[in-house]
Amino acid sequence: EAPGTEQELTDGFHLVIDALKLNGINTIYNVPGIPITDLGRMAQAAGIRMISFRHEQNAGYAAGIAGYLTKKPGICLTVSAPGFLNGLTALAHATTNCYPMILISGSSEREIVDLQQGDYEEMDQLAIAKPLCKAAYRVLHAQDIGIGLARAIRAAVSGRPGGVYLDLPAKLFGQVMNADAGQKSLVKVIDAAPAQIPSPASIKRALDVLKSAKRPLIILGKGAAYAQADEEIKTFVEKSGIPFLPMSMAKGLLSDTHPQCAGAARSTVLKESDVVLLIGARLNWLLSHGKGKNWGEAPKKFIQVDIEPREMDSNVEIVAPVVGDIGSVVSAFNQAMASGWTAPPAEWTKAISTKREENVAKMAPKLMNNKSPMDYHGALGVLKNVIKDHPEAILVNEGANTLDLARGVIDMYRPRKRLDVGTWGVMGIGMGQAIAAALETGHPVLAVEGDSAFGFSGMEVETICRYNLPICVVIFNNDGIYRGTDVNGANADPATTVFVKGARYDKMMEAFGGVGVNATSPDELKRAVNEAMASGKPTLINAVIDPAAGSESGRIGNLNPQSVLQKK
Ligand code: OXT
Ligand code: ADP
Ligand code: MG
């Protein structure tokens, strides 16, 4: 190597890495291959943590949830066409869920792609990504890498967070330029997600409506958890004295055991409330669009706090829209309320705590049954106590019955500890989210998975073992989707919803050097999970669940269209 020349030149590879590092991005979730294999090697050599997955979708889900947990864009790196498409589902998921994420994909040569001449993995990736993300950019020249990445970061985290696509054609990586000029071309993004201060009038309007309520309710969504304004929100809720209902991933923002928590009186508060304050939660299908029988007969007023102005009036009229970032809005609420606030009528808060105690008492005995094979409640009773003993642990959860029942049974105590299927109810987030959660937080992870749900990302148990992560996967194995008991009356094929009976998922973990356990009773399950939490070793527990225990689609069976011709 000629002395001097090495120092004076840089290239696309190095500029991408330098630009990421300059912006404090130190982890990349990826699957290597042409044209990004060397980029990964060089990034690793430069001190970036490269986490290599077995499938891009899982790397993408990891990146998305990393963004949610850290408020920095999670980075997923993929190869061209098929790798890109595998990652795209996760990018769309991140956008839908308001997680900041950047999908960086290598791509083929523009000249050939644009003339459709059949390049290796040819695809017009930019055009395909565009409708599925907040923004999509392509960088063609090495000197534009800095500005390209800066735009991607800002687009991902500012305003309503979401997914961004960054297209890097193969040729870019090899482009050389003067090292000095290269360094100067990099951009450190200043104030990527600026505070969005609400107008004083909107704050006053909102508090006036809230004050007028006889039966007020606060609904906390995952936007509120994302905002990391935990203390402000707690102060506000407690000062207001208003019952709060956490959406699934907002559980633990204030403890589920908090006296004002109305999680166990959900249908009552939705029906009976007269004023509802939404904080970082959308009135989408998960809240029945703010109307219909779940919301009862009485007229209702909605106040909504959101960073996205166009969210207001999306489903029903919002009488007091408050546009701003949740941290700023809630602290403005707190300031305005410092001069005094009257708690809601005791009649209302009492009615809710009564309903809540009723529901909790109704559930309690089910959680203590020692049946074998287990039912959902018997198994979940064990896991409820595991999280109680380890409130710092992160719970990842997917499935149908496994999801819906775990959500209700397992209390969460701290913010951003429950990571699940999100807005789309998507299966497959499990192992990707578990891996990112362990890496980004350093806390142990308990992944509670339906056997079907697990199958979507199951190969990543190898990844878990390879990086030796403190993840305990518990598979609720009921031999199928919803249940393992369906029978096909027409021919010898198995019914569409059932799997191999008595499958031993624990052996998958053993294949890669992790700990596998088959648990057939709550006692066995308890012993195995406690051991995993104590050891921090990659563990997979095959929890044998009664194949008849589940119900169709868990708690959302009502969404299945029904044939009028064929009775079930
Ligand atoms: O107030 P009331 O009386 O109503 O009572 C409520 C609470 O007050 C009370 N509660 C409590 N009681 C006592 N104690 C406590 N602590 C407590 N907490 C609450 O309990 C009730 C219920 O409360 P909850 O849950 O809060 O309320 P509710 O009414 O359920 O809330 C409504 C919703 C809509 C907000 C809620 O249900 C919700 O969040 N649902 C999300 C549902 C969801 O997203 N499901 C996933 C999708 S299902 C389906 O699509 C599946 N697929 C297809 C598929 C998917 N999804 N993705 C892809 C990529 N491909 C295909 C598949 C393949 S699921 C699935 C696999 C399923 O099989 P598995 O083997 O994985 O799983 P198993 O089913 O286990 O076999
Ligand atoms: P959930 O599924 O928990 O109900 P949603 O994903 O539907 O939550 O809603 C989250 C909402 O939070 C989105 O409308 C998003 O714009 C909003 N949001 C995200 N981050 C912030 C923030 N920092 N400040 C204000 N709103 C936010
Ligand atoms: Mg199942």
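Each ligand, and each atom within it, is numbered from 1 in the order the structure gives. One-based numbering along the sequence shown.
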Open item on the list: Does only the side chain of Ala265 get under 4.0 Å from ligand 1, or the backbone, or both, or neither? Count heavy atoms.
Closed with: backbone
Open item on the list: Residue-level breakdown please: for Trp424 versus ligand 1, do any non-hydrogen atoms fall below 4.0 Å on the side chain, on the backbone, on both, or on neither?
Closed with: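 Within the 4.0 Å criterion, Trp424 makes no contact with ligand 1.
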Open item on the list: For the 3.5 Å polar cut-off, considering only N or O atoms, please tell me whether Arg160 and ligand 2 meet it.
Closed with: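 Yes; at least one N/O pair falls below 3.5 Å.
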TODO: Before signing off on this row, confirm whether Asp325 and ligand 2 have an N or O atom pair separated by under 3.5 Å.
DONE: no
- [ ] Decide whether the shortest distance between a heavy atom of Ala250 and an atom of ligand 2 is less than 4.0 Å.
- [x]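 It does not, in that no heavy atom of Ala250 comes within the 4.0 Å cut-off of ligand 2.
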Open item on the list: Yes or no: does Gly324 have any heavy atom under 4.0 Å from an atom of ligand 2?
Closed with: yes
Open item on the list: Would you say Ser314 and Glu311 are linked by a side-chain donor-acceptor pair, where the criterion is simply a distance under 3.5 Å?
Closed with: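 Short answer, yes.
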Open item on the list: Regarding Asn284 and Asn315, do their side chains bring together a donor and an acceptor under 3.5 Å, going by distance alone?
Closed with: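 No pair is found: no donor N or O on one side chain lies under 3.5 Å from an acceptor on the other.
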- [ ] For the Mg ion (ligand 3), report each protein N, O or S atom nearer than 2.8 Å, sorted by chain and then by residue number.
- [x] Asp451 OD1, Asn478 OD1, Gly480 O
Task: Nearest-neighbour protein heavy atom for atom 58 (C) of ligand 1, which is reported as residue plus atom name and distance - done: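 Checking every protein heavy atom, the shortest distance to atom 58 (C) of ligand 1 gives Met427 N, 3.8 Å.
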- [ ] Please list all pairs passing the side-chain hydrogen bond (donor to acceptor under 3.5 Å, both in side chains) test where one or both residues lie in residues 61-75, with sequence neighbours left out.
- [x]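 Checked against side-chain hydrogen bond (donor to acceptor under 3.5 Å, both in side chains) - neighbours excluded - no pair reaches residues 61-75.
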Open item on the list: Tell me whether atom 53 (C) of ligand 1 lies less than 4.0 Å from at least one protein heavy-atom position.
Closed with: no
